[in-house]
Amino acid sequence: MKKGDHLFLVDGSAYIFRAFHALPPLTRKSDGLPVGAVSGFCNMLWKLLQDARDTDVGVTPTHFAVIFDYSSKTFRNELYPDYKANRSEPPEDLVPQFGLIREATKAFNLPCIEMEGYEADDIIAAYCRMAEEAGGEATIISSDKDLMQLVTDHVSMYDTMKDRQIGREEVLEKFGVGPEKMIDLQALAGDSTDNIPGVPGIGPKTAAQLLDEYGDLDTLLERASEIKQNKRRENLIEFADQARLSRQLVTLKADTPVDIPLDALALEAQDGPKLVAFLKAMEFSSLTRRVAEATGTEIGEIDPAQVAVEAGAQARGPDLDAGTADGANTVAGVIEDGVDTPRALAEARATAARSGAFDADAYVCIRDLRTLDEWIDNARAAGVVAFDTETDSLDAMQATLVGFSLSHAEGEAAYVPLAHRQGEDDLLGEGGLVDGQIGLDEALSRLKALLEDPSILIVGQNIKYDLQVMARHDISIAAFDDTMLISYALDGGNNSHHGMDALAERWLGHTPIAYKDVAGTGKKALTFDRVALDAATRYAAEDADITLRLWRVLKPRLVAEGLVSVYERLERPLIAVLARMERRGISVDRQILSRLSGEFAQKAAGIEAEIHELAGESFNIGSPKQLGEILFGKMSLPGGSKTKTGQWSTSAQVLEDLAAEGHELPRRIVDWRQLTKLKSTYTDALPGFINPQTGRVHTSYSLASTSTGRLSSSDPNLQNIPIRTAEGRRIRTAFVAQKGHRLVSADYSQIELRVLAHMADIGQLKQAFADGMDIHAMTASEMFGVPVEGMPAEVRRRAKAINFGIIYGISAFGLANQLGIARSEAGDYIKTYFERFPGIRDYMDATKAFAREHGYVETVFGRRAHYPDIKSSNPQVRSFNERAAINAPIQGSAADIIRRAMIRIEDALATEKLAAQMLLQVHDELIFEVPEGEVEATIDVVRDVMEQAAMPAVAMSVPLQVDANAAHNWDEAH
DNA sequence: TAGAAAACGTA
DNA sequence: GTACGTTTTCTAG
């Protein structure tokens, strides 16, 4: 380096934090990886490299380096163990970006410097001195006051966000002392963020005044007795040593033994392709374009870089759906005392969580804006906050927001009542608002700023509900985690459900206040807006407290157990997708249902009369107990079997068998049951679910209630709308598209058999699917040696039953039942099947062995289903678990595939400027409402996304096939 | 009045 | 033989 040269030193670590908090909107990559700070960093570097001359710095760098903190422990901790002890851990979304920023630096061909035991500031100090000694100049890219002591005539600082150079004058203006006195100023004033003690009662203003008067710290301390103010004098005398220690702490080590010489920092030309590849991988499209242009790189010819980063980032990085465990297990994303692996962190957190105490009296009821603002500021500072809404209904589409709770630290939680009511209901059913609640609009505007800030992670338990409630107040939560889904990804199958009470019991050893204890139960249960504020506070604040604690326990386990990508790729992104589907609802024609109800009622009444006639007496047909007595007692029909409670079985199977023998009564019972089932469950119940505001039916999807990864639907269940019988299908005609639209149904053909063929690697099956053959006919042909051409329907039917049986973990007993054949015959079929497809047996054996060894099985995307009872000594229990374990990877992989499709499909439609709306999912089928003119184009997009949904995480060795149709109602579209 | 059992709708 | 949710009846409290 020589005179006239100019060194730029970027304080990388400080930049990350500042960018993370100051740069909304923080962006995420398409896979959910947070990259906002990285984006800001890259833009900043590019700007400095391209046109630093146009900034307030006014010169072009000849040398350049980016400096990072190596770890949180430095030589200062030996001087003062509490140095920076009050630093909280970085926000979860920031952690993965540390590694990426270093990668970015390398992609820019810039030296990336860090040294164990030293802070970035010390390294910067050393290089500044070296640059000055060499006759050059230096600019520190930072606005941190800790670095201001380095400012000289040849060293200045530059605040990129304000485009402002900080020199001698600016320091003087800001702190009232020149840069050379900044050390003494900091030593006196201390610094709460770094835990520098300083002298009590002296802040920057007083410090500046004292230094102005006495010259420097040593002189001041010597002559402290001259100071007039009593308290100040005493403190300066008493805490003189503390001030000297503080000075040591804040003094940057310009003699830090850096091992990269100054000359090695000379700026090199950009490597266009390398940089473009990195930016492309980060999906920074506009910067990628600018860089490509400036470096003459052809974007299309560059493949996105395989961005290798430290595990924290890798765990959330590019496509890692399958087999992520290894990378994720090596380095902790978050370092806590003495904890340096994810597993150790998870264990430490679990232990700590159990010992934490709960104190409901510590919870705060917030009733004024100032306090609310303080809590929101605290949440902001923490970067992570648990959030929970309280409403007057379990139906998110109808619920009114009654209040909400927040918790940003263990044991600290607050409830904010907004719409609690009191007094007698008047004729309108409205009591008066309880006094002293913050106005709804004011509270919501504060809340909006918090929830929509992408740099703040909002943690919820079943957050889809809160998403719905807030969406109705025009608030969309930007960055969120869901403890229920984290638990589901980790422990699917271990616990049947992942409700907060069970999780609190299990992980915190704490029994939460029960809802019924605050609201009562049964008919006299209060809605939450009628609960007294103190009880509401204890209940609601505790929920937030628990949620945050659960998050701290469960989140690290995702990394430790290699399940980050399951959660990040299959669970979390689906929350908002499902929330939108639920909010859209589907149009149901009330008149069609009402007409059907009347028809079913009439027919059922006719059959009922016939039944009573045939039975010779009147009885309750709906009572299996009474019916059993009639059939097998009074009439002594043959073939009676008993249920496990000793009752006569009157199942459809039993009745069908009797009917086949020519008995009239059982036939009629079956018909009656079908009609009353259709009426009570569907035609009578569905109109009650039509939302009065929207005029549509809004189901609720559960992401966490199946062991395999499937969704479930309830209130109403729209995943079991009849289709098998002609009568039942008529119910589907009531599900209609709105005016000017069509319903499009797209369903995977034989997805589970295709998944099986892929996972078990069965050549014949894969070939058959590749050739587009009739898979059941092909199976029959292989097994029975019957040519596919002219195959009897019965032969194909049997093969089809066997194929399904395989997916369900086949047993001779079950197959015999299904086909109505002897168990020995069924056993022969199975034997023949395994002879023709030995790979299937190998696969089943291997799956069972895996389940026994690990206690769980996995889908192709790494989702786990646990079977803790698979080693049961009870053969029934054990066999059941084995069959379930065989089924789960197949059903679960298919479920994962459609999840991936759902996550991608909205963007794909938007890209093609299509207005189609996804309304329903029925396991292997998706239903859309599509403008009439866009049906064909929509089907093209939907089919493509669904068929490619496994890619690129898993390249299926069997093609996926999607059939799609459009019609005015669901019956015709399917 | 809460919960289990039986039955039955779907993939 | 797998995976669900809803309805009605019946039972235990």
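Scope of the values below: all heavy atoms of this structure, side chains included, with no hydrogens, waters or symmetry mates. Owing to the predicted nature of the structure, the values given are computational and were not obtained by experimental measurement. Proteins come first, then strands; the chains are lettered A, B, ... in the order of their sequence lines, and each starts at number 1.
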Answer yes or no: does a side-chain N or O of A:Thr521 lie under 4.0 Å from OP1 or OP2 of B:dT1? no
Report yes if a side-chain nitrogen or oxygen of A:Ser713 is closer than 4.0 Å to either non-bridging phosphate oxygen (OP1 or OP2) of C:dG5; otherwise report no. no
Distance test, side-chain N/O of A:Arg724 to OP1/OP2 of B:dC8, below 4.0 Å: no
Measure from the side-chain heavy atoms of A:Asn620 and tell me the nearest of B:dG9, C:dG1, C:dT9. C:dT9
Is it the case that A:Ser714 and A:Ser700 place a side-chain donor and acceptor less than 3.5 Å from each other? no
So does A:Thr708 get a side-chain nitrogen or oxygen closer than 4.0 Å to the phosphate oxygens (OP1/OP2) of C:dT2? no
Going by atom types alone, do A:Thr779 and A:Asn803 pair a side-chain donor with an acceptor below 3.5 Å? yes
Is the distance from the ring center of A:Phe600 to that of A:Tyr682 below 6.0 Å? no
What is the distance, to the nearest angstrom, from the CG atom on A:Leu675 to the C1' atom on B:dC8? 13 Å
A:Ile723 side-chain proximity, nearest of B:dT10, C:dC4, C:dG1: B:dT10
Report the distance from atom CH2 of A:Trp648 to atom P of B:dA5, rounded to the nearest whole Å. 20 Å
For A:Asn717 and C:dC4, is the shortest distance between a side-chain N/O and OP1 or OP2 below 4.0 Å? no
A:Arg710, nearest nucleotide to its side chain (from C:dA3, B:dC8, B:dA6): C:dA3
What nucleotide, of C:dA3, C:dG1, B:dC8, holds the atom closest to the side chain of A:Lys677? B:dC8
For residues A:Asp971 and A:Ile731, determine if any side-chain heavy atom of one lies less than 4.5 Å from a side-chain heavy atom of the other. no
Between A:Thr645 and B:dA5, is there a side-chain N or O to OP1/OP2 distance below 4.0 Å? no
Quick check on C:dT11: is either OP1 or OP2 less than 4.0 Å from any side-chain nitrogen or oxygen of A:Lys625? yes
Are A:Ser680 and C:dT6 close enough that a side-chain N or O sits under 4.0 Å from OP1 or OP2? no
Measuring to OP1 and OP2 of C:dG5, would you say a side-chain N or O of A:Ser714 lies under 4.0 angstrom away? no
Can you see whether A:Phe813 has A:Arg823 sitting over its ring - NZ or CZ less than 6.0 Å from the centre and within 45° of the normal? no
Whole angstroms only, please: what is the NE2-P distance between A:His923 and C:dA3? 13 Å
Between A:Arg673 and B:dC8, is there a side-chain N or O to OP1/OP2 distance below 4.0 Å? yes
